[in-house]
Structure formats: C-alpha cells, structure tokens
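FYI, side chains are in, hydrogens and waters are out, and symmetry mates aren't considered; it's all heavy atoms of this structure. First listed ligand is number 1; within each ligand, the first listed atom is number 1. For the single chain, residues carry numbers from 1 onward in sequence order.
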Amino acid sequence: MCGIVGYIGKSEKAIPFLLQGLEKLEYRGYDSSGIAILNQNEIKIIKKQGRLKVIKDILDGKKELHSHLVIGHKRWATHGNHSDVNAHPHLSKSGKISVVHNGIIENYINLKKDLTKKGYEFKSDTDTEVVAQLLDSLYNGDMFETIKKATQLLEGSFALGIICADYPDTLFAAKKDSPLIIGLGENENYIASDIPAVLSKTRKICRLKEKQIAVLKNSDINIFDFNGNKAKMEISEINWNVNAAEKNNYDHFMIKEIMEQPEVLNATISPRLKDYKIKLDNLNFNEEYLKNLNKISIVACGSAYHVGCVAKYFMEELIKKPVEVELASEFRYRSPIVDKNTLVIIISQSGETADSLAALREAKKLGARVLSVVNVVGSSIANESDDVLYTWAGPEIAVATTKAYSTQLSLMYLIALYISKTLGKITDDNYKDIIKNIESIPEKITAILKKSSSIEEIAKKYYQTEKIFFIGRTLDYAVCMEASLKLKEISYIHSEAYAAGELKHGTISLIDDKTLVIALATQDELFDKTISNIREVKSRGATILLVTTEDKMDKISEIADDVIYVPKISNILSPSLSVVPMQLLSYYVAKFRGCDIDKPRNLAKSVTVE
Ligand code: F6R
C-alpha cells in the first residue's frame with residue numbers, strides 16, 4: 001500500500017536504482033508515481049498519474065536530472081483521487097523540503113486548518129502535503145529537530161522519506177505503524193517500503209522499529225526514537241534467492257507463485273515434521289496452558305481470514321474447543337470476549353496489515369496470548385506477537401495471494417494437530433494418518449498443477465460468464481469463499497460464495513440459465529447432499545462445474561457440465577488441494593479477459609491503512 005524508495009550515494013546510480021526499486025514495489029500501489037531529486041541545491045519533482053512507465057519516459061534522455069539524493073513513490077490513493085497533483089512527492093511552500101509517505105495522517109484536517117491560518121496554501125487533497133507544510137512551518141535550520149517535533153504532532157500511521165535542500169548529504173526517514181526498511185550499501189544507502197526494492201543492491205537490511213527516525217548519509221546511518229534518543233540498529237541478512245522476487249519466464253507473478261506451491265509447502269512443512277513428531281520452532285504450549293484455554297480466536301483479513309474459516313472446521317474437530325474466526329477490522333472495534341484463557345492467532349502474509357496489527361494489540365491488551373502466522377520475517381505483526389510461526393513462502397509479489405494462503409493453511413493444520421495431540425484428543429492412528437497425508441500435500445499439488453492446461457480449457461469456455469456462484473458445504477464452503485474472492489479480485493466478475501444448503505433460503509432466485517455454479521464436493525459424508533443442491537440449481541438452468549476427488553469419478557452422472565478432479569486426501573485436508581484448481585481457474589479466466597492480473601484495479605498488496 002504505497003511504495004517508498006529513497007537513495008543517497010553516487011549521482012550516476014541514483015535514478016536507475018530508484019526506478020528499479022519503484023518497479024519492484026509497483027505491487028503496493030500503481031495509481032501514480034513520482035520522484036524528487038536534489039539537483040544543485042534545488043528540489044525538482046516529477047510526478048504523474050498512472051504507471052511508472054510515464055515517469056520513465058519523462059526521464060529518458062534527461063541527463064541533467066541526475067542527483068546523489070532522491071526519493072520516489074508509488075501511490076495507492078487514499079486522500080484525493082488519482083491525479084498528477086495528488087501524486088507524491090510533495091514539496092513544501094519554501095521549496096526546501098520534499099516528502100513521500102505511506103500511511104494515513106488522521107489529524108490532517110486540523111493540521112491543515114492551523115497551517116492555512118499561518119498562510120500555507122495546499123495544491124493537493126492529500127494528507128501527505130500537510131506533512132510537507134508542517135515540516136516547513138517547524139523548520140528552524142535543524143532538520144532532525146524539525147522531524148522530531150513533527151512526529152509528535154502527527155497522528156495516524158506513516159512511513160516517511162524526507163529530503164531537505166539544506167541537507168544535500170542526508171536522507172531522512174521516519175516510521176510509525178507503516179513498514180519501512182533501510183538497505184545498507186557500499187558508500188550508498190537506501191530506504192524502501194519492502195525488501196525487493198533493495199535486493200539488487202544489498203542483502204543487509206534494518207527494519208525500522210515503531211516510532212523511529214533514521215538519518216542516512218553515504219557511509220553512515222543513525223537511528224533515533226521520536227524523543228531523539230539514539231537507538232541500536234539491528235541488521236539482518238536477507239537469504240532469499242533474488243529469483244524469488246523475479247517473474248523469470250512466467251507471464252505473471254501470480255502463475256509463478258501458484259506453481260511454486262509444492263516447493264514452498266515443503267519448506268514450510270518438512271522442517272516441522274520429524275518421525276511423526278511436530279516441532280513448531282520455539283513455540284512451547286504446555287499442556288496446562290492448553291487445558292485452560294476456553295477458546296481459540298483467529299483474526300485476519302481477506303484471504304488470510306479465509307484460511308481461518310477453513311481452520312475453524314478442522315480445529316474444532318481436532319481440538320474439541322470452540323474456535324472463532326473474525327475479520328480484524330471488526331474485531332478491533334467491538335468488545336471481543338478475549339482474556340488470558342484465549343489463544344489469539346493472527347494470520348498475515350505481509351505482517352503489516354493495519355487492521356490485523358491493531359487487532360493483535362487489542363488482544364494483548366485484553367490479556368490473550370497472541371500467536372502469529374506470518375510470511376514476512378521481522379514484520380510488525382511478527383515482532384509484536386508473543387509467538388510467531390513463519391510460512392516459508394518467499395516473497396509474494398502478485399496482489400492476489402496464492403502460495404501464502406496455502407502455506408498459512410498448512411501451518412494451521414500443524415498447529416491444530418500439535419494442540420490436539422498435546423491435549424490427548426486424537427488417537428495415535430488418526431494422528432499418524434493425518435501426518436502422512438499432510439506430507440503428501442506438495443506431491444498431490446504437483447499432480448494438480450500438471451493438469452493446468454485442462455483447467456485453462458475450462459476457463460476458455462466460461463470466461464465470458466458474468467454471474468458465478470461457488471457452493472459447497474463445511475470445509476468446501478470455506479474454500480468457496482477464497483475461490484470467489486480470487487476470481488472477483490483479478491477478473492472483475494461478480495461471484496458469490498454460498499453454503500450449498502443455504503442457497504434455497506433466498507438467493508436461489510438469482511439462479512438462471514446465465515449462471516455458472518461452481519460446486520465443491522470433496523467431503524465424503526456430504527457428497528450426496530451437495531449433489532442434491534447441484535440438482536436444485538441445475539433444474540433452474542445453471543451450468544455446473546463440479547470440483548471433486550478422483551475417487552468419486554464413477555459417482556458423477558450427467559449432472560455436471562464439467563468436472564475438475566483433485567487427488568484424494570483425508571477429508572479435513574481437502575481444502576489444501578481443492579483451492580489450487582480454483583486459483584488456476586481464476587488466473588486463466590482473468591487472462592482470457594485481458595485483465596491486469598498481478599495488479600488488479602483499485603487494489604494494492606499489504607494493506608497498511610485501515
Ligand atoms: C487477496 C489478498 C488479501 C490479503 C489481505 C490480508 O488475494 O491477498 O485479501 O489476504 O489483504 O493481507 P495479509 O495476509 O498481508 O495480512
């Protein structure tokens with residue numbers, strides 16, 4: 001959600017680095033792009049609505065626009081529409097200070113009123129321009145002191161990159177509730193919203209902690225808290241393969257990430273399973289603590305919430321304690337009944353989702369122990385949780401999540417089994433059988449992926465459909481929610497996920513001969529029930545695409561127009577397989593419709609505003 005990049009170093013390298021860095025962060029927002037250059041003690045700004053290419057074309061051949069100090073931005077609009085004037089960076093009235101920002105300044109209206117009284121005029125509708133003018137109004141020749149003062153006045157969330165014409169050798173940054181990393185180079189240093197932006201230059205990074213200011217020079221970095229006290233810089237080494245953040249030969253990141261699932265699932269599962277024993281890193285839930293638990297509360301947003309919806313079914317079955325699943329944006333604003341006898345599990349790919357982070361803080365305030373399932377190492381959610389389990393999915397660049405969803409789900413299975421076993425709620429045979437089945441997931445997904453061309457054929461048949469329902473019961477219904485979201489977000493086809501038995505309580509009136517119903521029926525004991533529901537919609541004219549397990553082949557009659565088979569696996573694990581053809585179907589449908597798959601309209605990855 002908005003991407004920031006900044007560079008201080010050598011003039012010939014600055015612009016190429018900035019453009020490359022912004023390109024890597026395009027997934028965070030693509031409504032507009034802009035850069036600010038400190039050139040001969042003057043700040044020059046180039047910013048435009050639209051993709052980065054517009055800026056690249058403007059800069060092309062303009063050798064005079066070089067600088068050793070630059071900041072840049074990719075915007076995901078919150079305050080003010082997509083326009084050149086609302087694009088970042090913003091320049092202060094004196095022309096001396098320029099700012100790029102990710103987050104939301106919640107008190108910007110009041111600040112704007114005060115600044116207007118002082119004679120400041122505003123060109124844009126953004127909250128960020130208020131930051132630039134606030135810094136200008138506070139500036140007394142000492143930029144660090146100015147930033148310190150401003151951070152005390154700003155409410156809300158912000159990651160800021162700041163340059164000042166009087167400080168040609170310094171790049172400033174500040175962070176509160178929005179991610180910001182520092183990359184350490186050789187006689188050059190960088191700031192960015194996320195690691196892929198700096199990966200071509202360095203593997204040494206430092207994540208700014210909450211309420212910190214960074215002062216970067218060519219060969220020296222200092223970090224302070226908002227009170228001006230010096231803070232320790234914790235440097236970590238990124239061990240990803242650079243290819244992990246590249247598209248390689250795939251058309252889109254999304255398909256690359258779908259195809260990576262067997263590998264990343266192996267990386268997430270196998271280190272935690274040995275001789276039928278589950279070892280969840282350093283997590284230690286003793287039996288006494290688990291016995292005293294009244295409930296488990298899973299809190300997340302979007303697809304991560306859908307992982308929770310699947311997990312509720314199997315966790316209750318395995319652990320025999322109530323499991324609640326809640327959207328983080330709801331949890332944080334009601335009065336959740338959570339206390340020290342509640343285990344709160346926060347699921348998040350980015351580890352920076354504003355609502356999930358706020359829910360985490362709320363849960364801790366209420367006395368709950370918080371375990372997070374996170375993909376990005378060292379992210380805010382990981383840092384603030386009592387315990388963290390990482391999904392080893394590697395960088396996920398496509399806005400629509402696929403491999404993060406699958407790895408989150410796999411960890412939820414391990415957590416559920418671990419608790420179930422510790423509490424003695426599962427027989428040895430059942431436990432071993434499920435473990436064996438979990439170990440078979442990557443291989444079975446490989447088998448599904450090998451048949452992707454047949455799913456592409458099905459997508460070709462249906463990509464022009466404008467009304468789609470996904471139906472299923474229990475675990476299949478939970479997968480339908482994710483399947484429907486995936487399709488909507490990248491293909492812009494309106495679809496709905498419905499519990500198969502619920503359709504007839506009203507919504508069936510929408511079914512007609514222009515409707516495609518995608519029915520998931522992988523649960524043995526519910527198969528016939530779902531088939532009855534399929535008959536209900538079939539008789540109202542709907543076309544049927546059925547997703548079921550290979551062992552049901554001889555049970556399928558003429559009822560379905562098309563069938564996708566997935567390998568057989570234990571019932572409770574079937575979501576980890578059935579979601580994969582749904583990801584592929586969404587991908588190919590969107591591709592046939594000519595959609596911008598990795599960067600769907602209005603979206604951005606990592607939602608750091610509430
Ligand atoms: C959908 C998608 C989103 C995220 C949601 C939470 O494809 O990716 O719905 O799942 O924004 O993000 P994280 O997992 O980063 O907290």
Under 4.0 Å from a heavy atom of Gln349: give me the atoms of ligand 1 that qualify, with their elements.
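Within the 4.0 Å cut-off of Gln349, ligand 1 contributes 13 (P), 14 (O), 15 (O), 16 (O).
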Taking 4.0 angstrom as the limit and counting only heavy atoms of Ala304, give me the atoms of ligand 1 inside it, by number and element.
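Listed by number with element, the hits are 10 (O), 14 (O).
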Which residue and atom name correspond to the protein heavy atom nearest [atom], and how close is it?
atom                    : value
atom 11 (O) of ligand 1 : Val607 CG2, 4.0 Å
atom 15 (O) of ligand 1 : Ser350 OG, 2.7 Å
atom 7 (O) of ligand 1  : Glu489 OE2, 2.5 Å
atom 12 (O) of ligand 1 : Thr353 OG1, 3.5 Å
atom 6 (C) of ligand 1  : Cys301 O, 3.3 Å

Which part of Lys486 is near ligand 1, with near meaning a heavy atom under 4.0 Å away: side chain, backbone, both or neither?
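The answer is the side chain.
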With heavy atoms only and a cut-off of under 4.0 Å, state how Asn375 meets ligand 1: side chain, backbone, both or neither.
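Neither; nothing of Asn375 gets under 4.0 Å from ligand 1.
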Using a strict cut-off of less than 4.0 Å between a Lys/Arg side-chain nitrogen and an Asp/Glu carboxylate oxygen, indicate whether [X] and [Y] qualify as a salt bridge.
X      : Y      : value
Glu482 : Lys486 : yes
Arg593 : Glu466 : yes
Lys175 : Glu210 : yes
Glu456 : Lys591 : no
Lys74  : Glu26  : yes

Do any pairs count as a ring pair (Phe, Tyr, Trp, His ring centres under 6.0 Å) and have a residue in residues 587-610, sequence neighbours left out, and if so which ones?
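Only His252-Tyr587, Tyr463-Phe592 qualify under ring pair (Phe, Tyr, Trp, His ring centres under 6.0 Å).
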What donor-acceptor contacts under 3.5 angstrom involve side-chain atoms of residues 402-410, with partners at least two apart or in another chain?
| unit_1 | atom_1 | unit_2 | atom_2 | d |
| --- | --- | --- | --- | --- |
| Lys403 | NZ | Glu260 | OE1 | 2.7 |
| Lys403 | NZ | Ala393 | O | 2.7 |
| Lys403 | NZ | Pro395 | O | 2.9 |
| Ser406 | OG | Gln261 | OE1 | 2.5 |
| Thr407 | OG1 | Lys403 | O | 2.9 |
| Thr407 | OG1 | Ala404 | O | 3.0 |
| Ser410 | OG | Thr407 | O | 2.7 |

Would you say Gln408 and ligand 1 have an N/O pair spaced under 3.5 Å apart?
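N/O-N/O distance below 3.5 Å does not exist for this pair.
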Apply side chain to side chain donor-acceptor pair (under 3.5 Å) to residues Tyr390 and Asp281 and explain how you reach the verdict.
CA-CA 9 Å; Tyr390 286 111; Asp281 310 356; over 6 Å; no
Kindly identify the option in Ser379, Ser303, Gly302, Ser356 whose heavy atom sits closest to atom 2 (C) of ligand 1.
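Result: the heavy atom closest to atom 2 (C) of ligand 1 is in Ser303.
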